[in-house]
Every structure is written in C-alpha cells, then in structure tokens.
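Below is a structure I'd like to ask you about.
The shown structure was predicted, so the numbers you read here are calculated from the model rather than taken from an experiment. Quick note: numbers below take in every heavy atom, side chains included, and nothing from hydrogens, waters or symmetry partners. Letters A, B, ... mirror the listed sequences (proteins, then strands); counts begin at 1.
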Protein chains: 2
Amino acid sequence: MSATLADIARATGSSISTVSRVLSNSPAANRISRETRIKIAQAAEQLGYRPNLLARSLRTRKTNTVAVMVSDIANPWFGRMASLIEQNLHRRGYSLIVCNSGEQAELEQEYLRLLPQKGIDGLIVVPITTDREKLCHHLPPGLALVVLDRPVEGVPASVSTDQQQAATLLCRELERIGARRVALVRGPEHVSTHRMRGEAVKRHFDVLVDHVGAAQLETGHAAWSEIARTSPDAIVCTNNFLGQGLMEAMAQSNSRLPIGCFDEITALDLLSVPLVSCVQNVPLMAERAVEMLLCQLQGRKLPAEQKISAQVVSNREFKALFPR
Amino acid sequence: MSATLADIARATGSSISTVSRVLSNSPAANRISRETRIKIAQAAEQLGYRPNLLARSLRTRKTNTVAVMVSDIANPWFGRMASLIEQNLHRRGYSLIVCNSGEQAELEQEYLRLLPQKGIDGLIVVPITTDREKLCHHLPPGLALVVLDRPVEGVPASVSTDQQQAATLLCRELERIGARRVALVRGPEHVSTHRMRGEAVKRHFDVLVDHVGAAQLETGHAAWSEIARTSPDAIVCTNNFLGQGLMEAMAQSNSRLPIGCFDEITALDLLSVPLVSCVQNVPLMAERAVEMLLCQLQGRKLPAEQKISAQVVSNREFKALFPR
DNA sequence: TTGTACGCGTTATCAG
DNA sequence: CTGATAACGCGTACAA
C-alpha cells in the first residue's frame with residue numbers, strides 16, 4: 001500500500017492536517033512555515049506518497065474525472081471522437097474514462113446508474129435512449145451532462161451535426177448525377193441520426209429497397225444480397241459501418257452502383273466504386289462538447305445548442321463518372 | 001444527493017449496520033429476520049438508495065473496475081479490442097474504463113500514476129514503454145496487470161501476436177509473387193511490434209526505402225512521396241494506419257504497386273491496389289487478456305505467456321494479379 | 001503557524 | 001438476530 005497522510009505526519013512529527021494542507025496545496029498552505037513545508041514535501045517524496053483519490057473524492061465530492069459513453073467504441077468514428085475529447089479534457093486537467101454501451105439500451109442504463117456511483121463530475125453521452133426521463137433518471141441532479149451526436153428533447157447541452165443540412169447536401173449530390181430511385185440501407189429506427197437521414201432520403205427519392213438493421217458490417221452484407229436483385233440508380237447508407245459492409249459484399253460482384261454514405265470512409269480514393277460521403281466535423285464537435293461540459297462544471301452560462309454542419313466528399317471514381 | 005445507509009436506518013428504525021448487511025447482501029444477510037429485511041429493502045427502493053461506490057471501495061479496497069489503456073483509441077484496431085474486452089469483462093461483473101495514452105510516453109506515465117489512485121483492481125495495457133521498471137514503478141504491487149500486444153520483459157502476464165510467425169507469413173507471400181526489393185514504411189523503433197515487423201522485412205528483402213514515423217496516416221502520406229521516386233517490387237507497412245495513409249496518397253497517382261500490410265484494412269476487396277494483409281486474431285487476444293487478468297484477480301494460477309498466431313488475407317486484385 | 005475533532009458513506013468486528 | 005463502534009484516507013472549521 002501507498003503511504004498515507006498519517007505515515008507522513010508520523011515521519012515528520014507534524015499533524016495529519018498540516019500534512020494535508022501542504023500536500024493538497026490548499027489555500028491554507030501558504031500560511032505554513034517554509035521549513036515544515038519542505039520537510040513534509042521531502043518526506044512525501046521519499047515515502048512515495050500518492051493521495052488516495054477515492055478518499056479525497058469522498059470528502060470533497062469532486063473527482064476531476066469525466067466520462068464519455070459512446071454507443072460503439074469499435075466504430076472508428078467514435079474512436080476518433082473519444083480520442084479528441086480526451087485531448088481536450090486532458091489539457092484542462094480532467095481525466096477521461098470511456099464507456100461503451102455497445103448500442104444496447106440495458107447496458108446504457110447500467111452504466112448510467114454505475115458511473116455516478118463510481119464518482120464522475122460530468123458525462124458526455126451518445127445516447128441510445130431518446131427519452132430524457134430515462135436518460136437522467138439515475139443521474140444526480142448536479143451532474144454536468146452533454147448529449148453528443150443525438151439530441152434529446154429537454155437536454156439543453158447538446159452538440160450534434162445538423163442532419164437536415166447534411167442529408168440535403170448528400171441527396172442533392174445524388175440528384176445531380178441523375179439518381180431518382182435508390183436503395184436505402186439504414187440503422188435502427190430509434191436512433192435519431194439514422195432515422196433523420198433515412199427520412200430525408202425518402203423525401204428526395206423513390207426508395208426501391210429499404211433495408212433496416214443494426215449499424216454493423218453484417219447489415220451491410222445482408223443488404224447487398226437484397227439490393228443485388230434490383231436495379232436502383234444509387235445506394236444510400238446511413239452510416240460508415242453500413243457503407244463498409246455493403247461495399248465488402250459488393251466487391252464480390254462487379255457492380256459499380258454509385259453509393260452515398262453518411263460518415264467517413266477510409267481510403268476513399270482507392271475504392272473502385274463511385275462514392276460520395278457526407279462527413280461530420282468531428283474535431284469541432286469534440287471541442288464544443290468539452291466546452292459545454294466545462295461551462296457546467298465551472299458554473300458559467302451555457303451557450304445555445306450546437307448544430308454543426310457537414311460536408312460532402314466524393315472519390316475519384318465518382319468525380320470521373322460524374323464530372324460537374 | 002442519493003440516500004445513504006443512515007437515511008434508511010432512520011426511516012426503518014434499524015441501525016446502519018443492519019441496513020448495510022441487508023443492502024450489500026453480505027453473508028450475514030441470511031441471519032437477519034425476513035421482516036426487517038423486506039422493510040429495509042422497501043425503504044431503500046422507495047428512497048432510491050444507491051450505494052456510494054467510492055465509500056465502499058475506500059473500505060473494501062475493491063472497485064470491481066478494471067482499466068484498459070490503449071496506445072491510440074482512434075485506431076479501429078484498438079477500438080475493436082477495447083470493445084471486445086469490455087464485453088468479456090462485463091459478462092464477469094467488472095466494469096471497464098478505457099484510457100488513451102495517444103502513443104505518448106508522458107501521458108502513459110501520468111495515467112499509470114493516476115489510475116491506481118482512482119482505484120482499479122486490474123489493468124490491461126498496451127504499453128509505450130518497454131521498460132518493466134517504468135511500467136510498474138507507480139503501480140501498487142498487488143495490482144493485477146496484463147500487457148497486451150507488446151510484451152515487456154519481466155511481466156509474466158502477456159498476450160500478444162507471434163510477430164515472427166506473422167511477419168514470416170507476410171514476407172513469404174510477397175516472396176511468392178516475386179518481390180525482392182521493397183519499400184518499408186514503419187512506425188517508431190521503440191514500439192516492439194513495429195520494430196520486429198520491420199526487422200523481419202529487412203531479413204527477407206532488399207529494402208530500397210526505409211521510411212520511419214509515427215503510426216499515423218500522415219506518415220503514410222509522406223512515405224509515398226518518397227517511395228514514388230523509386231521502383232520497388234512491393235511496399236510493406238507495419239500497421240494499418242500507415243497502410244491506409246500510404247494508399248490514400250497512392251490514390252492520387254495510378255500506381256498499382258503490391259502492398260503488404262500488417263493489421264486489418266477495411267473493405268479490402270474494394271481497393272484497386274493489390275494488397276495482402278496480415279491480420280491478428282483480435283477476439284482471441286481480448287479473451288485471453290481478460291482471462292489472464294481474472295486469474296490474478298481470483299488468485300488462480302497464471303497460464304504461460306500467450307503467443308497468438310496471425311493469418312494473411314489478400315484482396316481480389318492481389319489474387320487476380322498473382323494467382324497461385 | 002499548527003493541532004484537534006469531526007464527517008464523507010461504507011464495511012467489519014465484537015458484543016449482546 | 002441486531003446495534004454500537006471503529007476503521008478506510010482525506011479535508012476543513014475551529015480552537016490554540
């Protein structure tokens with residue numbers, strides 16, 4: 001076990017409180033004689049003292065830790081997001097713990113209950129549930145909360161992409177190349193991003209095939225075997241995993257159907273299919289989310305809900321086939 | 001604030017100890033009368049009691065939490081790994097916190113110091129440092145520790161891919177297609193996986209270009225501008241990010257140089273370049289890592305260091321150009 | 001400038 | 001079967 005305040009007090013012949021004052025450099029630390037201060041510091045150094053953060057937090061009710069709960073850490077999009085949030089927070093003296101709800105409502109609930117018990121000051125969450133009540137039920141009232149990527153009615157601190165703008169951008173690009181009838185591969189209805197993207201597609205196009213499933217590669221695979229029997233002008237996928245899965249399956253055939261995909265696809269320009277992708281501004285989202293969290297932690301005024309705009313990027317194949 | 005044991009004791013007219021016994025279903029809970037037991041349970045339910053895990057851990061010195069520290073959570077490989085570890089641990093009643101060292105030695109040290117202070121029962125780490133002393137210096141002696149992916153001399157609990165076998169597999173495949181002189185794009189020397197892979201390549205081939213940098217897309221980009229001026233028979237990248245970056249840059253040209261890449265590349269078959277990739281068995285690694293951690297947590301005998309073998313997978317383009 | 005005493009919420013020991 | 005009481009390690013009002 002690590003040395004405690006008591007150990008140091010004993011070693012230096014001072015009292016626990018004095019040691020505490022010095023080592024936690026509290027405001028009262030200045031009012032302590034230079035000599036005892038360095039004597040204590042030396043002893044601490046020598047004994048390898050590490051404050052027990054559990055005990056400290058129990059006492060102060062602050063942990064200097066925030067959690068981010070993402071819906072699928074295996075998805076590179078969330079990985080990037082987590083990484084950027086970590087960097088932003090670390091710069092501000094907070095440490096981050098990442099939780100993975102794996103897109104399972106029960107697991108989300110479990111973590112929502114567990115995290116406050118373990119002690120966190122704030123939470124950034126990509127929620128599964130769309131219900132404010134369910135989301136906040138187990139959270140202590142004071143907890144700083146930011147919802148990310150998927151706004152929840154009634155939660156003021158919210159950072160997300162403007163899905164209307166994003167979807168319009170993508171659909172316009174597909175309309176430009178003459179698409180009228182499309183196949184749609186989309187994630188679960190109850191996830192707002194997938195739903196809004198899907199709805200936008202339905203507004204713009206005649207949807208020949210509407211394949212719904214978990215936002216995983218496998219759904220993309222399955223979708224292709226359904227789509228292959230039809231002949232749409234293009235295929236739209238509501239996220240990167242769906243797009244990747246679809247393309248993996250397509251690769252077995254020789255289809256060159258144009259694809260519109262929400263979220264980033266790696267090595268875009270190396271793909272042999274024409275692809276236009278609608279990418280979100282992940283770094284900006286991460287920054288804003290941390291900012292909104294810190295506003296709450298520091299009692300500053302919360303800025304308005306953040307709607308961040310997206311961009312479309314098309315690959316070489318796409319540009320070659322459909323020049324402007 | 002949440003209700004405490006004292007609140008419930010007051011509400012039910014029993015003592016704190018009794019309430020504790022019931023609510024923490026300790027072994028002594030059986031020896032408590034049925035009626036007070038349900039009375040307490042009801043009060044707890046009604047008051048919305050949640051045990052303060054900080055306090056509990058302070059007392060019991062157990063947190064039921066393990067941490068996994070990866071070197072780059074933005075890399076899908078680590079994301080997948082983290083996700084699988086999470087699932088394995090959750091099944092066993094542990095909750096997971098993920099830390100990201102971002103391949104920075106100082107940040108790793110910081111977390112290494114911080115995590116035990118925050119209270120964890122075990123740690124699975126993909127280490128930056130190769131020095132056992134540095135790795136364990138700040139860790140309490142009793143802490144369960146597993147090193148993952150990058151073995152560290154002197155740490156018995158270790159799960160990693162057999163890099164010799166993996167590298168040989170990949171090199172043989174490139175030799176088969178006639179490669180003799182290759183360009184090498186590799187990550188930092190001090191990371192064992194990159195180093196071992198690179199060394200194996202140097203043993204098998206004549207290395208025309210040897211580009212070293214951080215294991216990020218940008219290094220791959222930069223490498224291509226160097227490689228493009230030469231004419232190797234093939235290019236080898238020591239991880240997925242390097243491979244992706246390289247290919248992104250290659251896509252601007254029309255090169256069809258064969259690529260050998262360690263780690264998984266998404267949508268392999270859609271790439272227009274011939275590619276053979278050497279993939280690790282991530283699910284098995286995750287399972288073994290958790291298993292070794294639990295051995296330590298439960299005081300069971302530790303199995304031998306795990307060396308897990310890899311496979312090569314080539315894409316359509318590669319198979320078409322170089323049939324067996 | 002420093003020490004005393006108490007409390008944060010739990011669990012564990014011991015007595016009855 | 002149950003209730004005091006003492007820790008766990010730390011911060012802090014209050015007193016000296």
- Message: Over all strands shown, is A:T36 touching base, sugar-phosphate only, or nothing at heavy-atom distances under 4.0 angstrom?
- Response: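 Contact class for A:T36: sugar-phosphate only.
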- Message: Quick check for you: to the nearest 0.5 Å, what is the distance between B:L53 atom CG and B:T63 atom OG1?
- Response: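 Going from CG on B:L53 over to OG1 on B:T63, the span is 9.0 Å.
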- Query: In terms of side-chain heavy atoms of B:L58, which of D:dG3, D:dG9, D:dT2 is nearest?
  - Reply: D:dG9
- Item | Heavy-atom check, side chain of B:H90 versus side chain of A:E110, under 4.5 Å | yes
- Relative orientation of the end axes in the helix from C:dT1-D:dA16 to C:dG16-D:dC1, expressed as an angle to the nearest 10° (five pairs per end): 50°
- Given atom CG of A:N52 and atom C1' of D:dA7, what is their separation to the nearest angstrom? 14 Å
- Whichever of B:S15 and A:T4 has its nearest DNA chain D nucleotide further upstream toward 5':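 Closest to the 5' end, via its nearest nucleotide, is B:S15.
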- Query: Are B:L293 and B:V66 side-chain neighbours, meaning at least one heavy-atom pair lies under 4.5 Å?
  - Reply: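 Side chain of B:L293 against side chain of B:V66, heavy atoms only: contact under 4.5 Å found.
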- Message: Between B:R132 and B:L135, is there a side-chain heavy-atom distance shorter than 4.5 Å?
- Response: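 No, every pair of side-chain atoms sits at 4.5 Å or beyond.
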- Note on the structure: Each nucleotide of nucleotides 11-16 of chain D classed B (base within 4.0 Å of a protein heavy atom), S (only sugar-phosphate) or -, in 5' to 3' order, makes BBB---
- Going through the distances and angles, do B:R150 and B:E103 end up as a salt bridge (charged side-chain N to carboxylate O under 4.0 Å, His left out)? CA-CA 13 Å; B:R150 307 171 182 176; B:E103 210 71 77; 3.1 Å; yes
- Compare all side-chain heavy atoms of A:V70 with those of A:M81 and state whether any distance is below 4.5 angstrom.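 A:V70 does not reach A:M81 side chain to side chain.
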- Item | First and last nucleotide of DNA chain C, 5' to 3', lying under 4.0 Å from heavy atoms of chain A | C:dT1 to C:dG9
